[in-house]
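Read the structure below first, then the notes.
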Amino acid sequence: MHAITRSGWIEVISGSMFSGKTEELLRRLRRSEIAGQSVAVYTPAVDDRYGEATIGSHTGRQWEATVVDNEGDGPLDILDDDPAEVVAIDEANFFSDALVEVCNALADRGSRVIVSGTDQTFRGEPFDPLPQLMATAEYVDKLQAICSVCGEPASRNQRLIEGEPAHVDDPTILVGAEESYEARCRDCHVLLTGDRPEEERPFESAEADSAND
Ligand SMILES: Nc1ncnc2c1ncn2[C@@H]1O[C@H](COP(=O)(O)OP(=O)(O)O)[C@@H](O)[C@H]1O
Ligand SMILES: Cc1cn([C@H]2C[C@H](O)[C@@H](COP(=O)(O)O)O2)c(=O)[nH]c1=O
Ligand SMILES: [Zn+2]
């Protein structure tokens with residue numbers, strides 16, 4: 001916390017998938033631990049890629065975490081825990097907007113809050129609640145990966161279903177890594193649009209169905 005005001009602050013680490021967000025989060029946590037600060041790490045229940053109670057990078061580094069219900073008011077549970085000096089929340093893109101309130105309440109109480117998450121959906125649209133977190137934070141780092149097609153810096157998340165670009169109507173949430181996503185630049189990012197025959201839809205999209213009602 002700040003010495004004079006005793007308030008904390010929010011740091012956001014964002015950018016495309018594979019850009020090193022989790023590695024950077026783990027680096028900051030290791031440094032906090034070396035400094036002898038108390039650290040609490042949270043991960044959403046939806047993301048079980050690295051085992052339930054850990055956060056993990058694409059290179060295999062891990063850190064123990066508390067699993068939090070990411071839906072609705074679930075993130076508010078974090079406020080019931082004793083406030084740690086450093087509070088880290090990974091995969092912020094899976095949480096509801098309640099996470100913004102939680103991060104601000106923790107910072108008001110004096111914690112250094114480090115939030116990591118990708119800021120764009122596979123469509124290239126803002127991925128809530130990252131825009132709100134980035135606007136409220138004191139510090140924002142936006143990282144880029146390497147475009148899998150051309151090798152330029154990559155800001156976008158290319159979703160691939162059975163090797164083919166995803167369709168604009170596909171659901172927003174699809175947990176995954178290399179098997180379903182690539183980092184791509186603006187120029188190489190591809191999104192299928194237009195009508196598709198029912199049998200070519202790789203999976204049912206609740207969002208598309210409700211939009212068609
Ligand atoms: N296209 C890519 N661009 C950059 N790094 C990549 C790419 N694909 C795989 N990687 C690996 O992913 C690591 C970053 O992993 P991670 O921190 O988990 O990223 P993020 O949390 O942003 O998804 C890199 O250090 C590199 O080893
Ligand atoms: C673009 C996009 C991503 N996701 C999911 C896929 C992964 O499980 C995470 C991002 O992980 P990372 O640590 O940033 O590599 O988000 C999604 O559900 N929908 C999307 O549009
Ligand atoms: Zn490219």
Side-chain angles (χ1 to χ4, degrees), residues 11-31 41-63 65 67-68 70-71 75 88-97 99 114-131 133-134 140-161 164-193 202-208:
E11 300 169 22
V12 174
I13 307 168
S14 198
S16 69
M17 294 178 66
F18 311 102
S19 62
K21 301 182 299 297
T22 305
E23 282 180 351
E24 175 59 21
L25 176 63
L26 294 174
R27 189 185 74 85
R28 293 183 196 185
L29 293 179
R30 276 195 303 277
R31 290 172 62 86
V41 182
Y42 297 93
T43 188
V46 70
D47 187 5
D48 61 358
R49 278 178 301 170
Y50 303 97
E52 277 243 309
T54 55
I55 63 169
S57 77
H58 292 292
T59 53
R61 291 213 176 87
Q62 293 195 349
W63 196 289
V67 178
V68 180
N70 44 288
E71 288 177 359
I89 301 151
D90 199 20
E91 306 289 354
N93 49 286
F94 288 131
F95 284 95
S96 69
D97 286 351
L99 185 67
I114 315 175
V115 204
S116 166
T118 189
D119 57 346
Q120 292 184 17
T121 68
F122 72 98
R123 299 183 197 92
E125 299 164 341
F127 205 157
D128 286 342
L130 266 301
L133 286 166
M134 290 161 99
V140 177
D141 286 293
K142 177 156 169 159
L143 310 182
Q144 297 195 65
I146 304 296
C147 175
S148 298
V149 177
C150 73
E152 294 277 2
S155 58
R156 304 231 168 176
N157 297 314
Q158 177 67 52
R159 182 184 287 174
L160 297 169
I161 304 296
E164 296 300 319
H167 191 275
V168 67
D169 284 345
D170 288 345
T172 299
I173 298 298
L174 175 68
V175 177
E178 292 84 353
E179 76 296 344
S180 318
Y181 292 95
E182 280 181 355
R184 291 211 187 165
C185 71
R186 177 184 290 275
D187 204 50
C188 298
H189 181 255
V190 184
L191 197 56
L192 295 186
T193 55
F203 43 76
E204 284 304 314
S205 159
E207 289 161 36

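Side chains are part of it too, since the values below use all heavy atoms of this structure and drop only hydrogens, waters and symmetry mates. All figures in this text were calculated on a predicted structure; none of them were measured in a lab. Just follow the structure's listing: the first ligand is 1, and inside any ligand the first atom is 1.
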Partners passing salt bridge (Lys or Arg N to Asp or Glu O under 4.0 Å) against Asp90 (at least two apart in sequence or in another chain):
none

Lys/Arg-Asp/Glu bridge criterion (N-O < 4.0 Å) met for Arg27, Glu23
no

Just which atoms of ligand 2 are under 4.0 Å from any heavy atom in Thr172?
17 (C), 18 (O), 19 (N), 20 (C), 21 (O)

Result, protein N, O or S atoms below 2.8 Å from the Zn ion (ligand 3), excl. waters, equals 4

Under 3.5 Å: N/O of Phe122 near N/O of ligand 2
yes

Out of all atoms in ligand 2, which are within 4.0 Å of some heavy atom of Arg159? Include the element for each.
19 (N), 20 (C), 21 (O)

Which of the atoms in ligand 1, numbered in the order shown and given with their element, are less than 4.0 Å from a heavy-atom of Met17?
23 (O)

Report the residue from Asp119, Val140, Leu133 that forms a side chain to side chain contact (heavy atoms under 4.5 Å, CB included) with Ser14.
Asp119

Numbering the atoms of ligand 1 from 1, which are under 4.0 Å from a heavy atom of Thr22?
17 (O), 18 (O), 21 (O)

Tell me which part of Ala154 gets within contact of ligand 1: side chain, backbone, both or neither, using heavy atoms under 4.0 Å.
neither

Test side-chain hydrogen bond (donor to acceptor under 3.5 Å, both in side chains) on Arg123 and Thr172; report intermediate values, then the result.
CA-CA 8 Å; Arg123 299 183 197 92; Thr172 299; 3.1 Å; yes

On a heavy-atom basis, I'd like to know which of Asp90, Leu174, Ile55 is closest to atom 6 (C) of ligand 2.
Leu174

Using non-hydrogen atoms of the residue, decide whether Ser16 is closer than 4.0 angstrom to ligand 1.
yes

So, regarding Thr118 and ligand 2 (criterion: nitrogen or oxygen to nitrogen or oxygen, under 3.5 Å), is there a contact or not?
no

Below 4.0 Å from any atom of ligand 2, is there a heavy atom belonging to His58?
yes

What atoms of ligand 2 come closer than 4.0 angstrom to any heavy atom of Thr121?
1 (C), 21 (O)

Can you name the atoms of ligand 2, numbered from 1 with element, that are less than 4.0 Å from a heavy atom of Tyr181?
1 (C), 2 (C), 3 (C), 4 (N), 6 (C), 17 (C), 18 (O), 19 (N), 20 (C)

Any N/O of Ser16 closer than 3.5 Å to an N/O of ligand 2?
no

Below 4.5 Å, heavy atoms only, C-beta onward: do Arg159 and Ile161 meet side chain to side chain?
yes

Out of Arg27, His58, Glu23, who is nearest to atom 12 (O) of ligand 1 when you count heavy atoms only?
His58

Using the test salt bridge (Lys or Arg N to Asp or Glu O under 4.0 Å), find all partners of Glu178 that sit at least two apart in sequence or belong to another chain.
none

Qualifying residues under salt bridge (Lys or Arg N to Asp or Glu O under 4.0 Å), relative to Arg156, sequence neighbours excluded
none

Quick check: are there more than 12 heavy atoms from other residues, nucleotides or ligands sitting under 6.0 Å from CZ of Arg186?
no

Hey, does the side chain of Gln158 reach the backbone of Val190 with a donor-acceptor pair shorter than 3.5 angstrom?
yes

Quick note on ligand 2: atoms under 4.0 Å from a heavy atom of Gly176 include exactly 6 (C), 7 (C), 8 (O)

Check whether any N or O atom of Ala145, backbone or side chain, sits under 3.5 Å from an N or O atom of ligand 1, and answer yes or no.
no

Closer than 4.0 Å to some heavy atom of Val175 - which atoms of ligand 2 meet that?
8 (O)

Using a 4.0 Å cutoff against the non-hydrogen atoms of Gln120, which atoms of ligand 2 qualify?
1 (C)

Only one of Glu182, Arg184, His189 clears side chain to side chain contact (heavy atoms under 4.5 Å, CB included) with Cys147; which?
Arg184

Which of the numbered atoms in ligand 2 are under 4.0 angstrom from any heavy atom belonging to Asn157?
1 (C)

